[in-house]
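Working notes for the structure below.
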Amino acid sequence: MADSSVSFLLDKLTSLLQEEVNLQRGVREDVQYIKDELERHKAILMMADSMEDKDPELKVWVKRVREIAEDMEDAIDEFSIRLVDHHQQGTRNSFIHRMVFGLKTLRARHRIASDIQEIKSKVGILSHGRPIISGVGSGSSQRLSSRLDSQGDALLLEEADLVGIEQPKKQVCDFLFKDESNRAVISIYGMGGLGKTTLAKQVYDDPKVKKRFRIHAWVNLSQSFKMEKLLKDLFQQLHSVIGKPVPEAVGTMKIEKVKESIKNLLQGSRYLIVLDNVWHVNVWDAVRLALPNNNRGSRVMITTRNKDIAMYSCAGFGKNFHLEFLPEQEAWSLFCRKTFQGNSCPPHLEEVCRKILKLCGGLPLAIVAVSGALATRGTSNIEEWQIVCRSFGSEIDGNDKLEDMKKVLSLSFNELPYYLKSCLLYLSMFPGRHAIEHTRLIRLWIAEGFVTGEDGKTLEEVADSYLKELLNRSFLHVVEKTSDGRMKTCFMHDLLREIVSFKSKDQNFATIVRDQELVWPEQVRRLSVINSSYDVLKQNKTRFKLRSLLMFALPDTLNHFSLHELCSSTGVKLLRVLDLKDAPLEDFPAEIVNLYLLKYLSLKNTNVKSIPGSIKKLQNLETLNLKHTYVTELPVEIAELKRLRHLLVYRYEIESYAHFHLRHGFKVVAPIGNMLSLQKLCFIEVDQGSEALMVELGKLTQLRRLGIRKMRKEDGPALCSAIEKMVHLRSLSITAINEDEIIDIHNISKPPQYLQQLYLSGRLEKFPQWINSLKNLFRVFLKWSRLEEDPLQYLQNLPNLRHLEFLQVYIGETLHFNANGFQNLKVLGLDDLEGLNSMTIEEGAMQGLKKLVIQRCGSFKIVPLGIEHLTKLKTIEFFDMPDELITALRPNGGDDYWRVQHVPTVYSTYWRDGGWDVYSLETFGERVTDSNHITAKRTFEPPTLWKV
């Protein structure tokens with residue numbers, strides 16, 4: 001995005017002007033001129049994104065602005081690198097060094113002066129040709145007309161052409177007819193193309209609905225609507241329905257007078273008003289004041305792509321309906337009906353057709369559009385259909401029959417605020433259907449410079465709000481959630497991804513290299529390599545001016561030597577992001593340390609074993625991800641990375657049945673207290689030089705997450721003192737040096753009040769009382785505690801606790817869950833409580849529990865008393881539990897089956913031959929080996945949720 005490139009450059013120009021750099025005469029004035037002109041251009045660029053497709057001249061102008069911004073950024077960064085080269089020689093503070101430094105950098109200063117002079121000239125020419133953009137012009141009218149045309153297509157669909165609409169239509173109608181006198185709002189939300197307008201129209205046109213709501217109106221909204229026009233349109237529709245003539249004065253009415261007139265019209269009637277395609281919250285804020293709550297059962301129906309708007313409009317009395325993608329069978333039915341005119345799919349085309357359908361991702365609009373385009377093709381030539389499947393993205397771009405679908409899906413992109421557009425385009429660098437990690441994505445955005453600081457928030461918190469906004473606008477969909485309900489991974493719908501990829505390619509935002517032919521752009525600034533050989537990169541590296549390099553599913557042929565060649569190339573010297581996750585690396589590529597501007601480095605899931613001391617050269621590094629590598633010790637020089645925010649060094653191993661996720665951390669003898677920017681530090685081993693290390697930890701007051709391993713009892717007091725200083729801490733994990741070692745962390749007088757996650761692995765002489773005061777805790781895992789007193793009494797009143805796990809925590813015989821305790825708990829896990837033989841759940845306890853896991857409790861032979869009170873329970877999992885317990889729960893003859901018959905999913909699992917055999921409820925107690933009696937689940941993943 002041009003406006004993002006300019007915004008990023010403006011920050012750099014500001015920094016350059018503020019730095020005490022001895023620039024040549026006149027250069028500062030030139031830089032200030034460029035900065036001022038680009039700031040003037042920025043306002044145009046923010047509007048141009050949604051208009052340049054209709055204005056070729058504007059598109060060319062935007063492209064030139066982007067290129068100038070990139071050239072200027074290159075000039076500044078290359079100058080910075082030359083300064084770094086010279087700063088590394090000698091002592092910077094000596095008078096002689098400053099003189100020598102000034103002479104040595106003369107050439108660099110002359111070079112940037114020349115570059116800036118040339119760029120200034122280009123900016124001047126560009127400013128003279130700056131276009132004039134009106135907020136309401138022909139471009140806006142064309143977009144509005146285009147949007148309404150596409151919306152009109154949805155309104156003309158016959159109910160017979162629709163699949164999967166019966167159930168949501170019934171649900172909406174049921175709510176409309178609900179015997180409730182208050183005015184209520186029904187919000188239908190979801191991704192563009194799901195059929196929100198179609199569903200609303202089918203409900204609106206239903207004869208029973210028309211009969212109940214004799215006063216009704218349907219209002220179409222555009223992205224660039226005018227509130228006055230909207231209200232007058234509604235006013236005229238209502239007069240038409242009532243049968244009254246529209247007052248002639250309506251054309252000159254003030255907006256407040258229109259609202260008052262609408263309210264008077266509706267005051268004594270039961271009405272239904274539909275607001276279709278609401279893009280902004282202020283639409284509802286303005287309209288709701290004109291819709292009286294007349295206690296006659298009136299309803300307002302809203303369709304929107306934005307979850308926030310849906311939730312906001314329903315605040316008070318209302319109902320949200322989130323439209324989902326079509327299930328596979330219904331999608332196939334719709335596809336065949338439209339592609340083969342109601343006939344079944346020819347057998348020889350079924351495989352390729354199902355692949356094409358998969359790319360539609362259950363999106364009704366996409367299925368109808370794609371099948372309509374396919375309907376004109378002959379069915380005899382399978383090769384023609386396979387070409388469509390292979391080149392699906394090109395087909396969307398070049399097929400006129402799919403143009404309306406593109407317009408509908410593109411509307412959401414055009415509506416995005418400018419700060420989100422680059423973030424969304426960045427997602428095109430990930431492979432299709434790739435589950436994108438939440439934390440990985442926000443760190444990448446920050447390193448790219450897409451995230452703007454806000455008062456009172458870290459950059460990570462701002463980036464997280466960006467991600468939530470994209471999710472709420474239906475651009476992203478959750479793949480996996482954490483046990484407490486937060487998003488862990490996400491993905492973008494295939495078709496939306498194709499459209500975003502087109503925009504990315506058109507603006508030369510990123511280049512994607514796959515195992516196929518690629519038309520390379522003149523310059524490559526962001527590069528994503530997906531399952532491709534190094535030869536492709538080698539042949540085209542002269543085009544590189546790389547700022548970002550991401551690699552996915554690399555072949556083993558990409559070895560250390562090819563990376564050596566790549567990283568030593570002049571085209572990568574300005575890299576900010578280098579993500580080599582899963583690369584077949586055995587050693588740390590030494591050339592990486594010369595990438596002075598690098599902010600993000602990931603070697604996750606590689607076989608790298610050590611990090612060189614020369615890592616200290618990477619003074620701009622903010623993220624160093626060495627998760628699941630073989631690095632166990634960091635060099636002392638690591639402490640010189642003063643800007644490092646995330647230091648992640650650990651790996652898991654499944655050692656045996658009893659020790660599932662054995663975590664290896666790292667040793668370091670560096671004064672890590674100097675790394676004051678650190679927010680995440682995991683997992684540091686503290687068994688050597690512990691007391692001094694605890695003092696260093698206490699200096700890291702910005703930490704949000706801390707993971708400690710190999711903790712010893714004698715270091716407890718020092719750690720308590722350090723933790724009290726970490727006022728921003730959100731997650732704390734402490735593991736003792738062995739399972740018999742006592743963790744002495746009782747003396748924390750001022751615990752971090754924002755703490756949300758607590759993991760303690762080690763003996764506890766008594767339960768730490770300070771945990772009771774942590775009102776924000778939502779996850780607590782305790783392991784090896786071996787407490788004599790029931791720990792539930794200390795945890796039951798924590799208001800936000802959602803996930804609780806015990807492993808060898810309690811040596812008593814019974815656990816008691818009191819009424820009204822654990823009101824927000826969703827997941828409970830009990831593992832290896834050797835003496836436990838009974839559990840009582842009072843009515844009213846754990847009212848929100850959805851998942852219960854009990855494993856390896858050999859004495860636990862009685863079904864938990866009161867388990868029938870857990871009415872929201874969705875899953876119960878028993879792992880290696882006594883046969884007596886399992887037999888009592890069998891559907892046929894089990895004495896206590898009635899207690900769990902309301903639970904949809906109940907499993908019994910046994911450890912055998914290094915893997916888990918999972919049995920469904922029907923086979924409980926039989927321990928059969930016949931695969932026909934085993935649910936389709938044979939897993940080598942341990943059931944414990946102790947993976948932090």
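No hydrogens, no waters, no symmetry mates; every other heavy atom, side chains included, goes into these values.
A salt bridge does not link K766 with E788: every distance from a Lys NZ or Arg NE/NH1/NH2 to an Asp or Glu carboxylate oxygen is 4.0 Å or more. E448 and R526 are joined by a salt bridge, as a carboxylate oxygen and a charged side-chain nitrogen come within less than 4.0 angstrom of each other. Under a 4.0 Å N-O distance rule, the pair R786/E739 qualifies as a salt bridge. In summary, E685 and K710 engage in a salt bridge, as defined by a charged side-chain N under 4.0 Å from a carboxylate O. Salt bridge R709/D687: absent, no basic N to carboxylate O contact under 4.0 Å. No salt bridge links R856 with D880; every basic N to acidic carboxylate O contact stays at or beyond 4.0 Å.
Using a 4.5 Å heavy-atom threshold, the side chains of F430 and S528 count as separate. Looking at L424 and M492, their side chains come closer than 4.5 Å, going by heavy atoms from C-beta outward. The shortest side-chain heavy-atom distance between Y759 and I734 does not fall under the 4.5 Å cut-off. Two residues are said to be in side-chain contact when any heavy atoms from C-beta on lie closer than 4.5 Å; F475 and L467 fail this criterion. Annotation: side chain of Y907 is not in contact with side chain of F878 (no heavy-atom distance under 4.5 Å). Put simply, the side chain of L598 does not reach to within 4.5 Å of the side chain of N620, judged on heavy atoms. The closest side-chain heavy-atom distance from N607 to L585 is not below 4.5 Å. The shortest distance between side-chain heavy atoms of L601 and N625 does not fall below 4.5 Å.
Counting non-hydrogen atoms of other residues, nucleotides and ligands closer than 6.0 Å to OH of Y754 gives a total of 12 or fewer. More than 12 heavy-atom neighbours from other residues, nucleotides or ligands sit within 6.0 angstrom of NZ on K609. The environment of NZ in K850 is sparse: at most 12 heavy-atom neighbours from other residues, nucleotides or ligands sit within 6.0 Å. Q769 CD: more than 12 foreign heavy atoms inside a 6.0 Å radius. Taking a 6.0 Å sphere around CZ of R486, one finds it holds more than 12 heavy atoms contributed by other residues, nucleotides or ligands. Heavy atoms from other residues, nucleotides or ligands lying under 6.0 Å from NZ of K872 number 12 at most. The environment of K307 atom NZ is sparse: at most 12 non-hydrogen atoms of other residues, nucleotides or ligands sit within 6.0 angstrom.
Shortest non-hydrogen contact noted between L603 and F588 is CD1-CD1, 3.6 Å. When all heavy atoms are compared, the tightest approach of Q619 to L641 is NE2-CD2, 4.2 Å. Closest approach of P635 and P612 over heavy atoms only: CG-O, 3.7 Å. Here the closest non-hydrogen pair linking N776 and Q753 is ND2-O, 2.8 Å. Residues L471 and V478 approach most closely at CD1-CG2, 3.8 Å, considering heavy atoms. Summarising the geometry of Y650 relative to C682, their closest heavy-atom pair is CD2-O, 3.6 Å, with the distance given to 0.1 Å.
Evaluated for a salt bridge (charged side-chain N to carboxylate O under 4.0 Å, His left out) with K457, the options E461, E454, E460 yield exactly one hit, E454. No option in K488, E480, K604, M487 other than K604 meets the side-chain contact (heavy atoms from CB on, under 4.5 Å) test with E437. When each of L647, I638, V649 is paired with V668, the side-chain contact (heavy atoms from CB on, under 4.5 Å) condition holds for I638 and for no other. Shown are W445, Y466, F450; of these, the ring-ring contact (aromatic ring centres under 6.0 Å, His included) with Y419 is made only by Y466.
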*asked:* Walk me through whether E765 and K713 qualify under salt bridge (Lys or Arg N to Asp or Glu O under 4.0 Å).
replied: CA-CA 11 Å; E765 291 180 312; K713 179 181 179 181; 3.7 Å; yes
*asked:* Would F781 and H803 count as a ring pair (Phe, Tyr, Trp, His ring centres under 6.0 Å) here? Give the steps.
replied: CA-CA 8 Å; F781 287 7; H803 188 169; 4.7 Å; yes
*Given D832 and Q808, is the side-chain hydrogen bond (donor to acceptor under 3.5 Å, both in side chains) satisfied, shown in steps?*
CA-CA 5 Å; D832 202 9; Q808 295 181 18; 2.7 Å; yes
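Counting only distance, with no hydrogens or angles, the side chain of Q847 and the backbone of N820 share no donor-acceptor pair below 3.5 Å. At least one donor-acceptor pair closer than 3.5 Å links the side chain of S465 to the backbone N or O of V462.
In this structure, H628 has its ring center closer than 6.0 angstrom to the ring center of Y652.
Of the N and O atoms on the side chains of Q796 and N818, at least one donor lies less than 3.5 Å from an acceptor on the other residue.
Checked against side chain to side chain contact (heavy atoms under 4.5 Å, CB included), H322 has the following partners two or more places apart in sequence or in another chain: Y189, E324.
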